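Just so we're clear, the structure is a prediction, and the values are computed from it rather than from any experiment. Naming: A, B, ... by sequence-line order, numbering from 1 per chain.
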Amino acid sequence: MENSELLRVEHISKSFPGVKVLNDINIDFRKGEVHAILGENGAGKSTLMNILFGYYRAEEGSLIWEGKKVSLHSPLEAQHIGISMIHQENSLVPYLSVMDNIYLGHYPKNGAFIDKRKLRENAVDLLRELEVPDIGPDTPVEKLSVAQKQLVEIVKALSLKPKLLMMDEPTAALTAKETHTLMNIIGKLRREGTAIVYVSHRMEEVFEVADKITVLRDGVMIKTVDKTDIDIDEAVRLMVGRDLENQMSSMEKRDPASISSEVILEVRGLSRKNKFEDISFAARKGEILGFGGLVGAGRSELMESIFGFDKIDSGEVLIKGRVVQIKSPYDAARYKLALVPEERKVKGLFPDLSVGDNINIASYKKLKKGKLIDKKLETEAAQRYVEKLNIKTTNTRKRIGDLSGGNQQKAVLSRWLQTEPEILILDEPTHGIDVGAKAEIYGIIRDLADQGITILLISSELPELLMLSDRIVVMSMGKISGIVEPQDYSEENIMMHATGQKKSNLSERLKK
Amino acid sequence: MWNFTTGADAAPKSIKKTNKKTFNELGILIVLAALCVFIGLFNPVFFTATNAINVLRQISVMGIIAVGEAFVIITSGIDLSVGSFISLGGVSCAALIVAGVNPWLGLVLALALGAGLGFASGLCVVKLKLNPFITTLAMLNIVKGISYLISGGLPIDFDNPVAVLGGTVGPIPVPVILMFIIIVIGHIVLTKTEFGRNIFAVGGNEKAAKLSGIRVDRVKFAVYAITGVLAAFAGIITAGNLNSADTAAGSGMELDVIAASVIGGCSLSGGQGSIVGVLIGAGILGVIRNGFVLLMVSNYWQMITIGLVIIAACAFDMFRRSKQ
Amino acid sequence: MWNFTTGADAAPKSIKKTNKKTFNELGILIVLAALCVFIGLFNPVFFTATNAINVLRQISVMGIIAVGEAFVIITSGIDLSVGSFISLGGVSCAALIVAGVNPWLGLVLALALGAGLGFASGLCVVKLKLNPFITTLAMLNIVKGISYLISGGLPIDFDNPVAVLGGTVGPIPVPVILMFIIIVIGHIVLTKTEFGRNIFAVGGNEKAAKLSGIRVDRVKFAVYAITGVLAAFAGIITAGNLNSADTAAGSGMELDVIAASVIGGCSLSGGQGSIVGVLIGAGILGVIRNGFVLLMVSNYWQMITIGLVIIAACAFDMFRRSKQ
Amino acid sequence: GCAQQAPAASEEPSQSAEASESAAPEESTGAEASAGAADAGSYEWKQVGEVENVKIVEQEPEKPLRFAFLGFQNNPFWNLVQDGVAEATEFLAGHNVTIDNINLGENIDATVINNGLEAAVAQQYDGIVTTPFVTGVENYIDAAVDAGIPVVTLYGESEKPSKRFVFIGQDNKEAGQTVAEAMDEALGGEQGAKFAIITASFTMENLEIKRNTVKDYLESKGYVSVGDFEANDSADQTYTLTKDILTANPDVKAIYCVAGGPYGAPKAIADAGKTGEVFVIGHDETAENLGYVRTGEMTVIGQNPTGVSFDGFMYLYNKVVAGQDPEEAVLASHSMIIDKDNVNELFPE
Ligand SMILES: Nc1ncnc2c1ncn2[C@@H]1O[C@H](COP(=O)(O)OP(=O)(O)OP(=O)(O)O)[C@@H](O)[C@H]1O
Ligand SMILES: Nc1ncnc2c1ncn2[C@@H]1O[C@H](COP(=O)(O)OP(=O)(O)OP(=O)(O)O)[C@@H](O)[C@H]1O
Ligand SMILES: [Mg+2]
Ligand SMILES: [Mg+2]
């Protein structure tokens, strides 16, 4: 493994109007090395990478690429010298096909024209390399699930065969299987001498893959260390600037008996063509019902259908024992349902509205005096969540599009928490959220359940699912493949169901 | 347990910023002021009360409709049909009154017609999922055709009590008073009511709005219907002003109204805009037009100037915002 | 190891979809065919070769410009100024030739002027970050003013070799031939070249396009400049056809061109559209207009009908797509 | 359909005198408006339905004939035009002629007219009457004539030659001159007195000739123009512009509206409390305008659009049935001033 320097970042600083986001950053990126950058939401990780990618320009500092000073004015220039990036926010073109997206900006050409055959062949090869042959090269990207889009992003970044590959939370939307594949690919790239910058809020992952770790806090570089010289607790301490008791592990399983037996939500034989089939389950008052499954298992589609955002072909939904017709999210809200959608940017965020409006938009009924919205109530409500979830923003009037990804997610989550629902559906609620805030959110979820709110929790992060759920429904290919009780909890067990293997198989294996 | 420093000191800051918000329209206000000074320098008549009243009266129709148009634009729609609704409002009200209907009932019926046809645009946009541009372009033709069918192309006498809406109270034209009332109501609706927030939400991200429990369909129906009513109302005012309802009235007004909204800061991609801005936008257009007459700008240069001023106003505003 | 059934059958599905893609324009093609049959039933003259050629000639200007407009719309822009570029193209070319410039050089210079002013729109959109709607609305006025300055408002004689572009080859009008050539080139550029793909990318997700290393600015400059050139060219063809360059030529054409593009499946929010669709869209408008004259539809009903047909065409297309 | 078989106007211009009590040609043509009325080939002011200027030949067509009228509809002027077409349709129905009244819409544009001409040729009409106004239609008129279809043009056409066999319409220079003289009288010869012109659009050749004729004449007399403005045929815009003009130039003495909706001007003058202080002259005897004429707030220059369209068809009938051409290929529909003094005789309420 040659460990020569590829890119040196010297004294980089960057401000956005009103905020200094990066302050005097100095890092070396070396060939064949995986360099993880850790930091809380809003610490400046994405900003730093965007500077290295030529998308933003730093006010101060310089970049030394293979010993020569370079200045990058655009992503195009970065790509020319061999830098490629997997973006935190999905940055694909929805109406274009998968292969077009992969080769956008660097099409294989045949004279003046695009070489369509080569384009398809190359795309298929790359998809196969990433073990995602199920994504058709001609499919328009808008038809893919979030996880599939994330995979396409990865393939796209790889297609450039970069010398420096930056990954901004590449696994946030991925389940264990795809994450594992990605780890293998990173291993291969490292052996081939590619330098990798890796950002993730999943600590275990970071500690599995990284060689070096740099910690950022509020735009300031705290430390760069070899992975072997640091452990998770220490890293988290550096990130948040103080000791943080590990709330996750300390969170105790609830006693199943303590949960009421009153069924609040029941679903009977729900089907939607090509999405899910014959889904039946019941959730009790105050229960946290987890939903596990692989990418494309149909969990999101199921929840959105229950919520009235999509149609249901057959089956019925009962709330407190009564059959209800939920034709739109408005109806759902009247039955005190709330859904935090998985694709923040597409289905959750109002990018041009303020942080406050984003938090309050579903709750204005509560923030009125007479017919008019009360400014004070409104500001207070938003402020409460900004503080509660530690949303990093200068004020609640700030345009939410200017917040970091994790902070946006927190605001979107706040919106639905504020509606005080009786049934709360959470679809990947901690997508992109840092460790500290995650613990806080886990606490909130548990609190809500303790208050008697029924929670349906979709998560692709198995530890999260196992820790929070009172029971776990596992879906596979649009069907329920099993409901796992706490006594059977294990990552392996969930995965067995998720891949559609029979219970009998599983028990046989367990016997062995 | 947790120490939320960021959150804690965010509170006072946010209040400061909130107060700043009123100056969002500062950029175009500066443009408007600059235009006024420029024209006034060359022709002091500009600053006379009579002329100021003239300008206000001239923008009153534009200003009234622009409130509805702003609503539509903020939901990320567009209404190209308002010009023909002006014609329809005047002509249908006049025809009803000539046919012996009580004038005020005629007014109400004409407004209802405007609302209904506006609603029809909304229906196409919502139910048929058609693009608002093409829907309202089609509606422009349909409504114009209806006006012609009603009037037979001839102006209809508008000498009735309703004509008072186009008259004056002392030196102040009634249309100006009506414009200010509508602007104030529009501003309150947009900034202080749930409906107003929903308008922004629908334009900001329709899917997210729907998932947040907002009845997106109703919001859209409402904004097109409101625009229909306001445009029909503006048409009745125009007819009252001339004592005659002209089928040709209002033609081309849609572009002025949209330009006023956009100069005033409404984003055509939705989710952004303000009624105060729209009023200033209408003011800029009104002052330019008035200025041409006052300064006797040669007709060819008029067009070039108006184009350049529109670009300059928007560019200046953009520049100022980016410096914020 | 893992069994991805959902994914597995997604692949063949997607491949099927691709093959179907050529029929994306089927919906509006059906509308066009239905219109033709309807008109032909009531007046068999519609199906004569003469009339067919007439219709083609009538849509040729619209069709030529719509290629550029489609490019602009697919980048999620809009160009409202094409009408005035038509006037500018004819008038500037005519004025140069009258002033003694070699006719073909005059043609080239007029096209260059169109390119330059189109580029100026692009500049405002890209560098000043202005909204394309308002930019090109302003440009409409500016360019119209320039045409007036050149012509003094009066038509200029266009009796020169360049007029052959508006003539006929045997029974076939040259503008029709030119339209088909431009349509074919436009189609190839849009579907087979990297530039074409970049147009879709810029309109589909500008940020993603930029991050993919596409020079978004250049793409935008290019589409506005291309539209400027095509509109100026169409103006020269018109002048050639009429043997006279009229400053009023092309006024209002922008709405037709945009309507043709949208009926033809270009999404005004960008990222979607095709040149074949645009041609069919232009065909629908041309056939309706021709039909009015053949069927002697009363003027009032004309407006209503044209509105309804536009809505019906779009709705039918929408419906068919949603069934896919 | 009470049109009589009167001799051609050009032969006996005063023929109509006894035919109508309301239209008093002697008095009306007594104004300076009809200064050129005595010229051969000139075209008299007549009320359609009572008298027409041209006699149709005493010959019936061999087969049923189809004529097409290609007109527009963008302001009340066209309703006067349509009255004449309707009269002609009714009248010629008795001579085995059907008239197809094709409306080209609102946008008076060479391309639109050409498209209409092409369609009419494709349908093999026996004759076409159209209202070109703009230039650029000549090739298409020629194509129609070459296809064996005679064409009549009305109201306005460009100065470029075409193969139409007759044009009937206002002589723009003469109309302008008439207006200019009326304004001159109103301005009273006072040096430096101010006037303004509001036109529909600076691109309409026929309007531009009128505007320039008036402007040149008045300026040559020492009056001062305070500007030329476009009102797009809109009464509302005319109103607004008039108010601005009055504010900017309180001493303006006369306004000429070369546009549709001129009645916006007297209304604005009234609202500014200046009735009687400003002379307004505009085109066409529409009902709205006549209302202001009756109260003396406005003067109108008329060109008898109804009579012109009626007679267009008579000339076409003669041409198609008997191959008879009018004496002159250009017939002027003389302009005449309608003011408070003669309006009630010409147009009784
Ligand atoms: N375009 C922008 N305008 C203004 N401020 C911005 C903009 N982009 C980012 N910021 C601010 O910069 C800071 C750093 O953001 P960045 O996206 O780099 O954080 P991050 O470390 O990637 O966080 P996360 O883990 O949530 O993705 C945040 O406070 C954010 O609000
Ligand atoms: N807009 C869409 N159009 C067509 N197919 C879609 C669309 N969105 C999702 N799908 C498909 O529906 C299936 C179910 O997706 P869904 O998002 O519900 O799965 P999931 O279990 O939530 O998995 P994930 O972890 O990827 O979110 C997937 O195969 C996906 O490709
Ligand atoms: Mg980030
Ligand atoms: Mg999902």
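One side chain, D/D109 or D/T111, offers a donor N or O that lies under 3.5 Å from an acceptor on the other. D/N172 and D/E205 are not linked by any side-chain donor-acceptor pair at a separation below 3.5 angstrom, with hydrogens and angles left out of the test. Neither side chain, D/N103 nor D/Q73, offers a donor N or O lying under 3.5 Å from an acceptor on the other. In the model, D/S234 has no side-chain atom that pairs as donor or acceptor with a side-chain atom of D/D236 under 3.5 Å. Side-chain contact check for D/S335 and D/Q170: at least one donor-acceptor pair (N or O, by modelled atom type) lies under 3.5 Å. Defined by atom type and a distance below 3.5 Å, a donor-acceptor pair is present between the side-chain atoms of C/S87 and C/S147.
Looking at heavy atoms from C-beta onward, C/L230 lies in side-chain contact with C/I182 at the 4.5 angstrom threshold.
Neither the backbone nor the side chain of D/F69 has a heavy atom closer than 4.5 Å to any heavy atom of chain C. Of the two parts of D/D100, the backbone and the side chain both hold a non-hydrogen atom closer than 4.5 Å to a non-hydrogen atom of chain C. Looking at D/N139, the atoms closer than 4.5 Å to chain C (heavy atoms on both sides) all sit in the side chain, from C-beta outward. With a threshold of 4.5 angstrom between heavy atoms, C/N241 approaches chain D through its backbone and through its side chain. The part of D/S201 that comes within reach of chain C is its side chain, from C-beta onward, which places non-hydrogen atoms under 4.5 angstrom from that chain. Contacts between D/E208 and chain C at a heavy-atom distance below 4.5 Å involve the side chain alone, from C-beta outward. Residue C/F46 does not touch chain D at all, counting heavy-atom pairs closer than 4.5 Å. If you measure heavy-atom distances from D/F72 to chain C, you find no contacts under 4.5 Å at all.
Aromatic ring orientation, D/F310 versus D/F91: tilted (interplanar angle from 30° to 60°). Using cut-offs of 30° and 60° on the angle between ring planes, the pair D/Y155 and D/F133 is parallel.
Among the candidates C/T247, C/N54, C/V45, the residue making the largest number of heavy-atom pairs closer than 4.5 Å to chain D is C/N54. Contact count against chain D (heavy-atom pairs under 4.5 Å) is highest for C/N43 among C/T50, C/V55, C/V61, C/N43.
When ring centroids are compared, D/F313 and D/H95 stay outside the 6.0 Å threshold.
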Item to complete: Would you please test C/I310 and C/I263 for side-chain contact (heavy atoms from CB on, under 4.5 Å) and show each step?
Response: CA-CA 7 Å; C/I310 290 176; C/I263 294 175; 4.1 Å; yes
Worksheet item: Passes side-chain contact (heavy atoms from CB on, under 4.5 Å), D/S225 versus D/I197? Steps please.
Response: CA-CA 8 Å; D/S225 164; D/I197 302 179; 5.9 Å; no
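Interface with chain D: from residues 285-296 of chain C, residues C/N290, C/V293, C/L294, C/M296 qualify, criterion being any non-hydrogen pair under 4.5 Å. For residues 250-259 of chain C, a heavy-atom distance under 4.5 Å to chain D picks out C/G250, C/S251, given by residue number.
Ion pairing between D/R164 and D/E138 fails under the 4.0 Å rule for side-chain N and carboxylate O.
Within a 6.0 Å radius of CD in D/E219, other residues, nucleotides and ligands contribute more than 12 heavy atoms.
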